[in-house]
There are 2 protein chains.
Amino acid sequence: MNELTVKQQRVLAFIQRHIQGHGRPPTRAEIAQGLGFSSLNAAETHLRALARKGAIELTPGGARGIRLLAEASPEGGPAATAAGLPLIGRVAAGSPVLAEQNVEAHFEVDSALFRPAADYLLRVSGMSMRDAGILDGDLLVVHRTPEARNGQIVVARLGDEVTVKRFERSDRRVRLLPANPDFSPIEIRLDHDPLVIEGIAVGVIRNGRL
Amino acid sequence: MNELTVKQQRVLAFIQRHIQGHGRPPTRAEIAQGLGFSSLNAAETHLRALARKGAIELTPGGARGIRLLAEASPEGGPAATAAGLPLIGRVAAGSPVLAEQNVEAHFEVDSALFRPAADYLLRVSGMSMRDAGILDGDLLVVHRTPEARNGQIVVARLGDEVTVKRFERSDRRVRLLPANPDFSPIEIRLDHDPLVIEGIAVGVIRNGRL
DNA sequence: CTGAATACTGAATATATTTACACGCATGAA
DNA sequence: TTCATGCGTGTAAATATATTCAGTATTCAG
């Protein structure tokens with residue numbers, strides 16, 4: 001499926017060079033000017049042809065929506081630069097925990113350290129789990145899963161609130177237990193109240209105020 | 001000139017991830033939406049700040065005219081952190097802490113997570129620092145240095161024993177304070193007793209039994 | 001010869017994007 | 001206090017870009 005015309009190869013090469021040199025894909029106008037076309041449509045049709053042949057991917061409607069597909073850049077690509085684990089700060093009301101807006105940073109952390117696998121870090125606020133050695137400001141290492149067993153420490157969502165507590169289920173009722181006598185357990189009736197388990201704690205990382 | 005705000009770092013990280021994931025820099029609108037701003041200008045101001053501080057370069061008038069400058073994204077990750085941090089288990093009598101024989105494993109841990117820099121991990125045994133949130137089996141993240149200030153948690157060596165305690169010095173005397181009323185402080189006279197500070201704690205990692 | 005694909009010019013239009021302007025709120029320094 | 005800076009919300013242009021439409025030529029397989 002990869003039989004690019006000489007012209008098409010030239011256009012493709014131009015796109016590659018442009019990204020290299022400018023850090024972003026070219027516009028139709030830039031392609032036309034760069035290759036000597038006097039009509040934007042010349043560039044457009046070439047792009048369509050390249051997309052059809054699988055050399056690039058076009059994002060409709062967006063500026064500079066050209067993406068190289070076939071192997072061109074070194075290796076690795078998206079997979080190798082895994083970017084580490086996202087650190088979730090405050091969870092904005094109504095947004096999924098892993099939504100971009102909640103991500104404060106990314107950290108490389110060896111996944112071999114945690115079992116089951118670590119999926120993200122959550123900054124803990126409050127002292128309700130103090131006696132479990134989880135303090136205010138600690139980063140909780142979380143494995144993303146909706147299933148929890150009794151006794152596990154979970155990241156739970158109650159409406160717009162995200163909380164870290166020990167999980168205990170009995171029939172139709174779930175209790176979220178703090179590890180600090182100054183706080184009270186939370187009782188949830190699964191029939192009425194909304195409860196979402198966002199994950200289970202598989203570790204803790206503390207990095208300041210020792 | 002490189003003193004980025006936490007917010008600015010987040011914006012920068014978002015841009016890096018966007019380029020990684022979409023092959024082109026984000027627009028102001030995409031930044032705003034991704035980070036939860038409801039005004040485009042929030043993104044614009046951050047970009048100006050980042051450009052002023054030399055983190056990025058802006059192309060006036062062009063769509064997605066954002067360019068990363070400082071080295072951050074390329075690879076670096078696994079390669080740069082090469083062998084990762086050595087995990088020290090029990091320290092054999094008479095051997096230096098970092099001696100080969102004491103190294104149990106190596107783990108990749110992002111050095112940006114700790115300050116000052118992390119040099120090795122030490123498996124803590126015992127509950128003498130319980131009230132500081134350091135439990136039995138935890139991995140103490142240690143910065144190697146012979147200097148400690150009052151109040152810091154240190155890795156100290158007394159003869160053949162390696163212990164983790166809070167450091168407090170007064171003139172010719174050093175006291176190593178546990179963070180657990182069930183244990184007693186250790187008093188050392190620098191004139192007579194041998195004391196070596198192997199490093200100061202800069203973090204804690206817990207990976208099991210939550 | 002004929003239709004299909006490639007390779008364009010030129011023009012028009014609907015969006016996408018940048019960028020300026022007006023304000024609000026908090027914090028820390030002078 | 002007042003001033004500067006960081007961090008936002010909101011609105012409104014100006015203009016950068018993508019995309020469609022109408023044509024013209026050339027090449028090539030059927």
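In what follows, every chain begins at residue 1, and chains take the letters A, B, ... in the order their sequences are listed. Note: hydrogens, waters and symmetry copies are ignored here, and every other heavy atom, side chains too, is used.
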Query - Residue B/Pro60, side-chain heavy atoms: nucleotide from C/dT19, D/dA16, D/dT19 that is nearest - result: C/dT19
Query raised in the report: Of the nucleotides D/dA18, C/dT17, D/dT20, which has the atom closest to the A/Arg48 side chain?
Result: D/dT20
Query - Comparing B/Leu40 and A/Phe37 on DNA chain C - which has the more 5′ nearest nucleotide - result: A/Phe37
Query raised in the report: Which whole-number value in Å describes the distance from B/Gln33 CD to C/dA16 P?
Result: 13 Å
Query raised in the report: Rounded to whole angstroms, how far apart are CZ on A/Arg24 and P on D/dA16?
Result: 12 Å
Query raised in the report: Looking at CD1 of B/Ile88 and CZ of B/Arg123, how far apart are the two atoms once the value is rounded to the nearest 0.5 Å?
Result: 11.0 Å
Query raised in the report: For B/Arg64 and C/dT18, what is the distance between atoms CZ and C1' respectively, to the nearest whole Å?
Result: 12 Å
Query raised in the report: Within less than 4.0 Å of OP1 or OP2 of D/dG10, is there a side-chain N or O belonging to B/Ser38?
Result: yes
Requested in this report: Determine the contact category for A/Arg52: base if any of its heavy atoms lies under 4.0 Å from a base atom, sugar-phosphate if only primed atoms, P, OP1 or OP2 are that close, otherwise nothing.
Outcome: sugar-phosphate
Requested in this report: Grab the two heavy atoms, one from B/Asp136 and one from B/Gly126, that are nearest each other, plus how far apart they are.
Outcome: OD1-N, 2.6 Å
Query raised in the report: Rounded to the nearest Å, what distance is computed from the CZ atom of residue B/Arg28 to the P atom of nucleotide D/dA12?
Result: 21 Å
Query raised in the report: Do A/Leu113 and A/Val141 come within less than 4.5 Å of each other through their side chains, counting heavy atoms only?
Result: no
Query raised in the report: Looking for any heavy atom pair under 4.0 Å, which part of the strands does B/Thr45 touch: base, sugar-phosphate only, or nothing?
Result: nothing
Report task. Give me the ring orientation class for A/His18 and A/His22: parallel if the planes are under 30° apart, tilted from 30 to 60°, perpendicular past 60°. Result -> parallel
Requested in this report: Examine D/dG6: is either OP1 or OP2 under 4.0 Å from a nitrogen or oxygen in the side chain of B/His46? Give yes or no.
Outcome: no
Query raised in the report: Hey, is the main chain of B/Arg149 close enough, under 3.5 Å, to the side chain of B/Gln152 for a donor-acceptor pair?
Result: yes
**Report entry** Separation of atom NZ in A/Lys7 from atom P in D/dC28, rounded to whole Å
**Finding:** 14 Å
**Report entry** Atom-to-atom span, CG of A/Leu47 to P of D/dT20 - whole angstrom
**Finding:** 13 Å
Query raised in the report: Applying a 3.5 Å limit to both distances, which nucleotide forms a Watson-Crick or G-U wobble pair with C/dG10?
Result: D/dC21
Requested in this report: Answer yes or no: is there a side-chain heavy-atom contact under 4.5 Å between B/Arg206 and A/Ile134?
Outcome: yes
Query - Length of the line joining A/Glu44:CD and C/dT6:P, which is rounded to integer Å - result: 14 Å
Query - Per B/Asn41 side chain, nearest of listed nucleotides D/dT17, C/dT17, D/dT9 - result: D/dT9
Requested in this report: By nearest nucleotide on DNA chain D, pick out whichever of B/Gly62 and B/Thr5 is the more 5' one.
Outcome: B/Thr5
Query raised in the report: Choosing from D/dG10, D/dT17, C/dT6, which nucleotide comes nearest the side chain of A/Gln8?
Result: C/dT6
Query raised in the report: CG of A/Leu35 versus C1' of C/dT6: gap in Å, rounded?
Result: 15 Å
Requested in this report: Scan B/Ala42 against the nucleic acid and name what it touches under 4.0 Å (heavy atoms): base, sugar-phosphate only, or nothing.
Outcome: base
Query raised in the report: 5'-most contact on DNA chain D: B/Ser39 or A/Ile66, nearest heavy atom basis?
Result: B/Ser39
